[in-house]
Amino acid sequence: AQSVTQLGSHVSVSEGALVLLRCNYSSSVPPYLFWYVQYPNQGLQLLLKYTSAATLVKGINGFEAEFKKSETSFHLTKPSAHMRDAAEYFCAVSVGNNNDMRFGAGTRLTVKP
Amino acid sequence: NAGVTQTPKFQVLKTGQSMTLQCAQDMNHNSMYWYRQDPGMGLRLIYYSASEGTTDKGEVPNGYNVSRLNKREFSLRLESAAPSQTSVYFCASSKYRDRAYEQYFGPGTRLTVT
């Protein structure tokens, strides 16, 4: 079965600094990969997804992620953090047409002024 | 267009009580899901319904039942609540877009079982 591991349950950056949230996946078949964001007391919102069309994927709010097969990684980045980026971020994986999605444990991003 | 709605937002139960969490979506999606979210564990799938009239177990189905009442509604029932079921419950629906299913989430139900 497919799975994802998010490295670091909590990441803290200063406003304007680079954001890097790490995600590694495990899958026996080519995966589809997703990043979701959860703001306090809300449900999850899709940030971006990888479906094999392009290895560098751009999402909403200035985030992007790069699929690296050799490293089985799909790390999320943003060049310059903003206070409004403070939230919990989840990496997720699904395979083929199966809509069974598996989520990572989440990374809480704190942005310091 | 309200998206995915869930009721109630908060609930406190005593051990052994039963309750039903309601979920509805107005996006005409075929697939719907119930997840639970626990600290440090991400979201875990309880049950899903690929289409009206079908339901399947997910990763953690024990202690729960579901009903896909129609295309819009998917309810989750706890027959005899236990403290281990204290969690935040999310309903989601999905649509197939650009080769993959994208999931859309409700705001959640925070359940405490004492």
Side-chain angles (χ1 to χ4, degrees), chain A residues 1-10 21 23-25 27 29-54 57-60 65 67 74 87-108, chain B residues 2-10 21 23-25 27 29-51 54-61 74 87-110:
Chain A
Q2 68 274 22
S3 66
V4 290
T5 301
Q6 291 183 241
L7 302 175
S9 59
H10 189 199
L21 304 182
C23 173
N24 288 90
Y25 70 90
S27 176
V29 298
Y32 295 153
L33 294 158
F34 305 78
W35 276 100
Y36 282 83
V37 60
Q38 183 181 31
Y39 298 104
N41 300 314
Q42 294 185 27
L44 279 68
Q45 302 172 30
L46 180 65
L47 268 180
L48 51 80
K49 69 181 183 186
Y50 164 76
T51 59
S52 75
V57 182
K58 294 188 186 298
I60 62 172
F67 174 75
F74 189 58
E88 188 147 22
Y89 292 80
F90 292 92
C91 183
V93 61
S94 69
V95 296
N97 287 333
N98 184 339
N99 57 16
D100 178 8
M101 188 174 294
R102 297 300 173 108
F103 288 83
T107 298
R108 183 168 298 279
Chain B
V4 180
T5 57
Q6 294 182 235
T7 55
K9 288 190 176 354
F10 301 94
L21 281 65
C23 173
Q25 52 95 7
M27 296 175 283
H29 293 167
N30 286 323
S31 300
M32 297 185 72
Y33 312 80
W34 276 105
Y35 292 91
R36 60 177 290 171
Q37 182 181 29
D38 301 292
M41 302 189 74
L43 276 75
R44 292 180 292 167
L45 184 65
I46 304 171
Y47 272 92
Y48 68 98
S49 171
S51 62
T54 68
T55 60
D56 286 286
K57 295 179 180 179
E59 195 180 346
V60 289
F74 188 38
S87 187
V88 182
Y89 291 86
F90 288 100
C91 178
S93 66
S94 70
K95 72 173 181 183
Y96 192 74
R97 180 173 171 269
D98 295 338
R99 310 189 209 189
Y101 284 92
E102 296 180 0
Q103 296 197 10
Y104 296 79
F105 287 81
T109 295
R110 189 173 295 274

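Quick note on labels: first sequence line is chain A, next is B, and so on, each numbered from 1. All figures in this text were calculated on a predicted structure; none of them were measured in a lab.
- When every heavy atom of A:F34 is checked against every heavy atom of B:A100, the shortest pair comes out as CZ-CB, 3.9 Å.
- Heavy atoms of A:Q38 lying under 4.5 Å from chain B belong exclusively to its side chain.
- Between A:A105 and B:G40, the shortest heavy-atom distance links the atoms CB-O, 3.4 Å.
- If you measure heavy-atom distances from A:L44 to chain B, the contacts under 4.5 Å come from both the backbone and the side chain.
- Looking at B:Y101, its side chain never comes within 3.5 Å of a backbone N or O of A:M101 through a donor-acceptor pair.
- For the atom pair CG of B:D98 and OH of A:Y50, the computed distance is 13.5 Å after rounding to the nearest 0.5 Å.
- Top candidate by heavy-atom pairs under 4.5 Å with chain B, chosen from A:E88, A:R102, A:R108, A:Q45, is A:R102.
- Scanning both residues, A:Y36 and B:E102, for their nearest heavy atoms gives OH-C, 4.1 Å.
- Between chain A and the options B:K9, B:Q6, B:R97, B:R110, heavy-atom pairs under 4.5 Å are most frequent for B:R97.
- A 4.5 Å side-chain heavy-atom check between B:F105 and A:Q42 finds every atom pair outside the cut-off.
- With a 4.5 angstrom heavy-atom cutoff, A:T51 touches chain B via backbone and side-chain atoms both.
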